[in-house]
Trainee: 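After the structure tokens below, expect a handful of questions from me.
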Amino acid sequence: MRSAISAMETIVNVVVIEDDRQIRRFVQTSLEGDAMRVTAVETGRSGLTMVAASRPDLVIVDLGLPDMDGLDVILRLREWSSVPVIVLSARSTEQEKVAALDAGADDYLTKPFGVAELVARIRAQLRRQNRPAAVESAVVRFGEIVVDLDARRVQRGGAPVHLTPIEYRLLAALARHAGRVITQRQLLQEVWGPSRVDSPHYLRIYMGHLRHKLERDPAQPEHIVTETGVGYRLVGVQ
Amino acid sequence: MDRPDPDELLDRIQRDEDRRQRGKLKIFFGASAGVGKTFAMLQAARRQREDGVDVVVGVVETHGREETLALLDGFDVLPVARVAWRGRTLAGFDLDAALARKPQLVLVDELAHSNPPGSRHLKRWQDVHEVLDAGIDVYTTVNVQHLESLNDVVGQITGIRVRETVPDRVFDFADEVTLVDLPPEELLERMRDGKVYLPQQAERAARNFFRKGNLIALRELALRRTADRVDAQMREYRADQSIERIWHARERLIVCVGPGPESATLVRAAARLAASLRADWLAVYVETPKLQRLPDALRERTLAALKLAAEFGAETVTLPGDDIAATLVAYARMRNVSRFVVGASAGASWWRRAMAASVDARIARAAADVDVTLVNAAAMRAASGRGERLPRFTGPGDDARRSPAVSYGYALALCAAVTVAASALLDRIALANLVMLYLLGAIITAARLGRGPGVLYSFLGVASFDFFFVPPRLSLTVSDTQYLLTFAVMLLTSLTISHLTSSLRRRAHIAVLRERRTGAMFAMTRELGAALATEQIIRTGSRHLSDTFSARTAILLPDSAEKVRQKVEQPDPAITLDAAALDLDIAQWVYDRQKPAGHGTDTLPATAALYLPLKAPMRTRGVLAVLCENMRELAIPEQRRMLDTFASQIALAIERVHYVEIAQDALVNMESERLRNSLLSAISHDLRTPLTAIVGFASLLARQDADVGASSPQSRQLAEAIHDEALRMTGLVTNLLDMARLQGGRVKLNHQWSSLEEVVGAAIAGARRILAGRKTSARVPADLPLVNLDPVLVERVFANLLENAVKYTPAQTPVSIDARLVQDADRRRVRIEVLDHGPGLPPGMESRVFEKFTRGEKESAQPGIGLGLAICRAIVDAHGGRIGAFNRADAAGRVIGACFWFELPADATPVLDLDAADAVGH
């Protein structure tokens, strides 16, 4: 993975806004080991100043900050910047995570987390960022599945898979967010439109259909993964 | 657009609601004895029984008739209650046996029957009421002459009054009335054949009763009464269906009752009139000072008339006032009354003539815009027989307001003293002025001693003046005739003074009494208003009740099981009733039924004490038991009303304190909830932050070692061990915090329609590290419906069950999860089983494992504090589900592993809009 990022030949700037010194140090050490330039700050206010000043490629925000709510940091940031934001938060605070994601955060990490998860999340964000929409690959592969977004075709092990229009829209939404979390609300909005954002049962039913068509064991999915209480994530995309 | 009156609608809904819970009352209604009501009732009951209804015969009078006896055959008959009374054994309907047996339908013959003395209720219809309240249907029989409102009329027609009556509302509220009709000719034929039962002693009277003319009249009455009911039902139906377009302004009529014996008749007439007009009605008693002086026996008659009116559904009011007509008219105007019902005064006693003649005339004059209906009550009374006259009460001291005999002595003495003083002054004062001395004495006598002594003094004074001072002295003869004028004026003046002074005094006395009542009420209300605790209210209430009524009282409050109990710690025996004098069963009955019982009421009137429900606006708050030294006092209307007011004030105070306590509890709960939440999040933050750093650094160390090229595989393994242990520690912290949150009581579930397949998948993915490469399988049927649950919490259940399975089974043994739908008679649930292949649970631990800090093995090498399963149970409980565990055995009975299962309710399914789904076949 190190080669993957260094191959881009550009130094990635990351701002970390985290109040705990040890976590800051760990994140900083991990990312610098991955050849990124890290600026770590302690408070939300200085974090916002720093982001404005240094125009980083990615921001990591802890949701529990001493001076202001992490959610507010994201909202303020989103007023003028579309930089990818990853939030750090504790377990059993799923509603906070959803609020942060709906407020504009791009992904989250549940504490405690290891280096591997941290780097994988960042990489997924940067890949999206560095690839302009026009060049975005129209073909997404995961496992034995191939999704051709241009031709609206889905194949499993070479054989065509028949999807209903809603199933296809769902899969396409997941594929566009490959590797990144997408909240229930975002999915409902994208697939069903704004009138259904509060009816998650449609999502459950069609997600089930999709898994039965694309996963080997729908009860233990390898690719279409549920982030309980938050949303879904398509993993294992090559 | 006319619409149904909303109040009426609400009322009807309430009534329907009540009716649904209550049993149904069906009345077999007949014109007279012998028409075959009992027979018809039994036949109807047989049909019910054939339909599989559980029918029990409560009481049926067969009168030895064989065809009736034959019908009884095969029924479950309740044994009759035998009550011993004055050495005789009386039989009656056994209410408690019926309630205990709780059939679907009870047959109770002769609704109008009076119960033997000592029974719970005076009347059988009250028993039936209670049976209906218990949700049991009742079939019963009634004759037309037993209906309260027709009692007079039947009495007039037949010349025979029956004492046993049923209030009309019982008849009107019956769910069904079946008229059992037999033409008079056939009835008479049946009588001739001896098929109609007649009691031996009353045979002659009864023969008189069963004349063809009577029977025709009775039959007409019965038919008309039934038709009225049908008409009322029809109207109600039309109101229900909103067919009726015209909504009349409600008529309201007012009837004025007094102590006269015709009051009851007047009330019945007003009740009939009100019923036929479908009007609200008021029964008013205007209590003038004069009426207040009547003996209690007469006052009780007024009370009885008011009570009768209340039974007919009237609103009863007692108004104080000097002038009956003026008070009545003023009140009537206030209440928008459209019609007066007044007794006509012809043929009344002299004081009625003096009073009432003016009353009805003056009402008619004062309220020209209101109809006045005159009822010739006195004539009806004459026709309706002698039964109503109360025994005259002549006991001494009955009327405390009458002047005692000694007062007359004082009047005599005063007259003598004035005479002595006058003779001393005779030489210096003119004879005419001596009269003034006598008049002064008259004022003093009347003011101090009352009217009677004043009158006595007046006559004595004139006589003394004549005898001792008017020449010729010491003789009653008068020489100068002009003195006759003096005597006349003197007597008249003296009597007038006596009358005015004594009535002034009486009014002052009444004012003092009223003032005292108001004062006592005010004092108690003020103290109750300041009370902060229920005990304080009980103490204050008991003290004031004891002061005002010289009674001992007990205030019983319900406990959590709705059983009333006396709750005073150290009762003051002078003012508090002790447990020995209390009957808790009666108190409970009063509390449950919200009706007074005991002394002076219809229910268990033989009891020493009076039990009143403490009714507050929201609900009944308890029971007040009162035992006076002189219970007759409580029968006096003002006293009783005063007691009721005291009771409602106490009830209000108890309710107020109750709500204050609830508000305080809520506040404390909110505060402690807030404290707990902030504490939990602080702990959660402080514990997790260092763990996050440890996990992060450990993972960093392990990776750096790998990158460096495994210079020292050992240090990498150590770093991985630190990583894993820190993660496990995180798991424990999570569990502790979860438990603390769930322990808080109110678990807030974030319900969402969820797919179990998804939750299971997420849980297995989350537990991958713990499962450490074990084979896991999940079987979730594709057609399992969505379940409304909190997915985050249910995932914790799976995580804990999986962790538990891993902990207690050998490495590499598989773990599987099965889900399926379970359908009961009326409920649908999803059942999830987590199956392992370990040694199973130790015997007897199947349910205990779900308790906190309980682990399968006592001294296990496995770390953990046994919270996981307790958390599972708390979460499943919060979802309204069940959880359990058992050992799985193979065919040979050997344990092959444990099964942990839980079930969640899945009755509802989400509503799906077709336009949000794919078209079929697409």
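All values below come from the heavy atoms of this structure, side chains included, with hydrogens, waters and symmetry mates left out. Treat the numbers as computed from the prediction; the structure is a model and nothing was measured.
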Trainee: Rounded to the nearest 0.5 Å, what separates atom CD1 in A:I23 from atom OG1 in B:T692?
Mentor: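 Separation between the atoms: 4.5 Å.
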Trainee: Would one find more than 12 heavy atoms of other residues, nucleotides or ligands at under 6.0 Å from atom CZ of A:R156?
Mentor: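 Enclosed: over 12 neighbouring heavy atoms sit under 6.0 Å from CZ of A:R156.
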Trainee: Flag the pair B:E757 and A:R204 as a salt bridge only when some basic side-chain nitrogen lies within less than 4.0 angstrom of an acidic carboxylate oxygen.
Mentor: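 Judged by the 4.0 Å cut-off on N to carboxylate O distance, B:E757 and A:R204 do not form a salt bridge.
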Trainee: Any side-chain heavy atom of B:V695 sitting closer than 4.5 Å to one from A:F113?
Mentor: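 Side-chain contact under 4.5 Å: no.
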Trainee: Got a second to check how far A:K111's NZ is from B:T730's OG1, nearest 0.5 Å?
Mentor: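 Result: 11.5 Å between the selected atoms.
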Trainee: Any side-chain to backbone donor/acceptor pair from A:T226 onto B:A762? Under 3.5 Å, distance only.
Mentor: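 Here the side-chain-to-backbone pair does not exist.
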Trainee: Can you tell me which portion of A:H201 sits under 4.5 Å from chain B's heavy atoms? Options are side chain, backbone, both or neither.
Mentor: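 Both parts, backbone and side chain.
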Trainee: Just give me the residue among B:V759, B:T776, B:V760, B:L691 that pairs up with chain A most often, heavy atom to heavy atom, under 4.5 Å.
Mentor: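 Most heavy-atom pairs under 4.5 Å with chain A: B:T776.
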Trainee: Considering only heavy atoms, which portion of B:L727 lies under 4.5 Å from any heavy atom of chain A: side chain, backbone, both, or neither?
Mentor: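 Looking at B:L727, just its side chain touches chain A.
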Trainee: At what distance, to the nearest 0.5 angstrom, does CD of A:Q220 lie from OG of B:S777?
Mentor: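 A:Q220 atom CD to B:S777 atom OG measures 7.0 Å (nearest 0.5 Å).
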Trainee: Does atom CZ (A:R169) have a neighbourhood of more than 12 heavy atoms from anything else shown, all under 6.0 Å?
Mentor: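 Result for CZ/A:R169: enclosed.
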Trainee: So which of A:G229, A:P200, A:P218, A:S199 has the largest heavy-atom pair count under 4.5 angstrom toward chain B?
Mentor: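 The option with the most such pairs is A:P218.
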Trainee: Atom OG1 of B:T689 and atom CZ of A:R21: how far apart are they, to the nearest 0.5 Å?
Mentor: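 The distance works out to 13.5 Å.
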Trainee: If I take atom CZ from residue A:F26 and atom CG from residue B:L701, how far apart are they, to the nearest 0.5 angstrom?
Mentor: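 The CG atom of B:L701 is 10.5 Å from CZ of A:F26, to the nearest 0.5 Å.
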Trainee: If you take all heavy atoms of B:L700 and A:S30, which pair is closest and at what distance?
Mentor: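 That closest heavy-atom pairing would be CD1-OG, 3.3 Å.
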Trainee: Contact part of B:N750 toward chain A, heavy-atom cut-off under 4.5 Å: side chain, backbone, both or neither?
Mentor: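 The side chain, not the backbone.
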Trainee: What part of A:D62 lies closer than 4.5 angstrom to a heavy atom of chain B: side chain, backbone, both or neither?
Mentor: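 Neither; nothing under 4.5 Å.
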Trainee: Do B:R779 and A:D217 sit within salt-bridge range, that is, some charged N less than 4.0 Å from a carboxylate O?
Mentor: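 No.
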Trainee: For a 4.5 angstrom cut-off between non-hydrogen side-chain atoms, does B:Q752 reach A:Q184?
Mentor: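 Yes, close enough: below the 4.5 Å cut-off.
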Trainee: From A:I205 CD1 over to B:W753 CH2, what is the distance, rounded to the nearest 0.5 angstrom?
Mentor: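 Here the rounded value is 10.0 Å.
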Trainee: What are the two closest non-hydrogen atoms of B:A778 and A:A219, and how far apart are they?
Mentor: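 In this case the closest contact between B:A778 and A:A219 is CB-CB, 3.6 Å.
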Trainee: Grab the two heavy atoms, one from A:V115 and one from B:G696, that are nearest each other, plus how far apart they are.
Mentor: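 Smallest interatomic distance, heavy atoms only, reads CG2-O, 4.1 Å.
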Trainee: Please examine the side chains of B:P910 and A:Y202, heavy atoms only from C-beta on, and report whether any two atoms are closer than 4.5 Å.
Mentor: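 Contact flag for A:Y202/B:P910 side chains = no.
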Trainee: Count the heavy atoms of every other residue, nucleotide or ligand shown that sit under 6.0 Å from CZ of A:R153, and state whether that count exceeds 12.
Mentor: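 Atom CZ in A:R153 is not packed in, count stays at 12 or less.
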Trainee: Shortest non-hydrogen contact from B:V792 to A:E94?
Mentor: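 Scanning both residues, the minimum pair turns out to be CG1-OE1, 3.7 Å.
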Trainee: Please classify the contact between A:Y168 and chain B as side chain, backbone, both or neither, with a heavy-atom cut-off of under 4.5 Å.
Mentor: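 Nothing of A:Y168, per the 4.5 Å heavy-atom cut-off to chain B.
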